[in-house]
Amino acid sequence: MKVKPKHLSCIGVCCFQLAARVVEEDCNIPSIHDVIRISQCKCTVSDIKRMEKIISEKLHFDFKATTALTFLHLYHTIVLCHSSERKEVLSLEKLEAQLKACNCRLVFSKAKPSVLALCLLTLEVETLKSLELFEIALRVQKHSKVNDKDMLYWRELVSNCLADYSSPECCKPDHKKLVWIVSRRTAQNLHNSYYSVPELPTIPEYGYMNESESEDSCEDMSSGEDSLSSSPPSDLEASFFFDDCKPKLKCRNHLYPL
């Protein structure tokens, strides 16, 4: 659908929220306030909720769409069910990694999900040089009604993408430190809330330390003090240190902010 450019940031945040609700658990879903603060989308909570309602209605509340990953899992299951090869031969994890590499290129957004998944499957079967798997893949193509013209066109693009993905230039690790560079104009538009770090909740420490652990921590603290001093402390100094340390340990049962 065609949308105005000023609404793109709000749509992106809403799609992120909807996808998180489908994929992630409830405890891992970020709050709308945090997403607005991090994304700097300059929209309110009511804007997000209103846009979520619009997107949900356009998708008919069906958020689990059929993608190339769905077809890839389906084709992989079909091939293994009709093959006498070991399951480890055709790795699903490798196929998923190759699909991720293809999804990073905009050109594959125009490919049919079934065709893209079938291209990945047939290319992997060819590398395994298994005649049985290749015949099963051809039957899957015929059953899916994918013509040879589309297969040849997208297979070439997928093959070039995977060749670049497995090239030494791509596999070479980049040891440079990642730096987020923003322009002066962008830096001026950033909200002040971006630079503020929210306060962390206090950590309860009830019953986490018994008397023996307290004594051990006291000994660790005393050994640290000994290492800092130039001469060993006397007995009087040591007794004073332990006497002074005990009431401090009793205070650990209270809440301390980080």
Side-chain angles (χ1 to χ4, degrees), residues 1-3 5 8-9 11-13 15-16 18-20 22-24 39 59 63-183:
M1 299 186 62
K2 294 182 179 180
V3 296
L8 289 178
S9 59
I11 293 174
V13 171
C15 291
F16 176 83
L18 293 173
V22 175
V23 179
E24 299 291 340
S39 63
L59 297 176
F63 304 116
K64 296 184 178 180
T66 302
T67 62
L69 182 63
T70 308
F71 283 100
L72 192 63
H73 287 181
L74 178 61
Y75 293 157
H76 182 266
T77 304
I78 293 174
V79 171
L80 292 184
C81 290
H82 294 81
S83 174
S84 59
E85 300 283 350
R86 293 181 293 107
K87 294 182 179 181
E88 294 79 7
V89 174
L90 190 61
S91 174
L92 181 61
E93 289 77 12
K94 184 178 180 181
L95 292 173
E96 290 178 350
Q98 293 174 349
L99 179 59
K100 292 178 182 179
C102 293
N103 285 334
C104 292
R105 297 194 175 185
L106 184 62
V107 65
F108 292 106
S109 62
K110 301 179 181 180
K112 293 183 179 179
S114 58
V115 177
L116 180 57
L118 193 58
C119 291
L120 291 169
L121 182 67
T122 54
L123 287 173
E124 183 63 20
V125 168
E126 286 184 2
T127 57
L128 297 175
K129 298 180 180 180
S130 174
L131 182 59
E132 181 186 9
L133 295 178
F134 185 74
E135 292 177 352
I136 297 174
L138 290 179
R139 291 201 296 268
V140 171
Q141 176 185 350
K142 184 179 180 180
H143 184 76
S144 303
K145 298 180 181 180
V146 178
N147 57 60
D148 296 335
K149 183 179 179 180
D150 292 341
M151 279 291 297
L152 292 175
Y153 175 78
W154 289 108
R155 266 171 58 94
E156 183 180 0
L157 295 178
V158 172
S159 179
N160 295 334
C161 175
L162 297 181
D164 296 338
Y165 183 70
S166 59
S167 62
E169 290 79 7
C170 185
C171 297
K172 185 178 180 181
D174 189 3
H175 298 287
K176 295 181 180 179
K177 185 178 179 181
L178 297 178
V179 180
W180 184 24
I181 301 176
V182 296
S183 63

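Across V115 and W154, no two heavy atoms sit closer than the pair CG1-CD1, 3.7 Å. Contact record, A68 with A117: O-CB, 3.6 Å, taken as the closest heavy-atom pair. Scanning all heavy atoms of the two residues, the minimum distance from L133 to S83 falls at CD2-OG, 3.3 Å. The minimum heavy-atom distance between Y75 and L121, with the atom names listed, is CB-CD2, 3.7 Å.
In this structure, NE2 on H76 lies 5.0 Å from CG on L92, to the nearest 0.5 angstrom. Atoms CD1 and CD1, on I78 and I136 in that order, are 10.5 Å from each other to the nearest 0.5 Å. Atoms SG and CG, on C161 and L99 in that order, are 10.0 Å from each other to the nearest 0.5 Å. In this structure, CG in L128 is found 11.0 Å from CG in L123, a value given to the nearest 0.5 Å. Taking CZ of F71 as the reference point, atom OG of S144 lies at 7.5 Å (rounded to 0.5 Å).
A101 is linked by a side-chain contact (heavy atoms from CB on, under 4.5 Å) to Y165, counting only residues two or more places apart in sequence or in another chain.
Side-chain contact annotation: E96 with H73, donor-acceptor N/O pair under 3.5 Å present.
Counting non-hydrogen atoms of neighbouring residues, nucleotides and ligands closer than 6.0 angstrom, the CG atom of L106 reaches no more than 12 such neighbours.
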Could you walk me through whether C102 and L120 pass the side chain to side chain contact (heavy atoms under 4.5 Å, CB included) check? CA-CA 10 Å; C102 293; L120 291 169; 4.1 Å; yes
Using the side chain to side chain contact (heavy atoms under 4.5 Å, CB included) rule, take S91 and L95 through it: C-alpha gap first, then chi angles, then the decisive distance, then the call. CA-CA 7 Å; S91 174; L95 292 173; over 6 Å; no
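For residues 97-113, the set of pairs meeting the side chain to side chain donor-acceptor pair (under 3.5 Å) definition, not counting sequence neighbours, comprises Q98-E124, R105-D164. Evaluation of the salt bridge (charged side-chain N to carboxylate O under 4.0 Å, His left out) test over residues 149-160, restricted to residues two or more places apart or in two chains, returns E126-R155.
Between S9 and V13 there is no side-chain heavy-atom pair separated by less than 4.5 Å.
The backbone N or O of C119 sits less than 3.5 Å from a side-chain atom of T122, completing a donor-acceptor pair.
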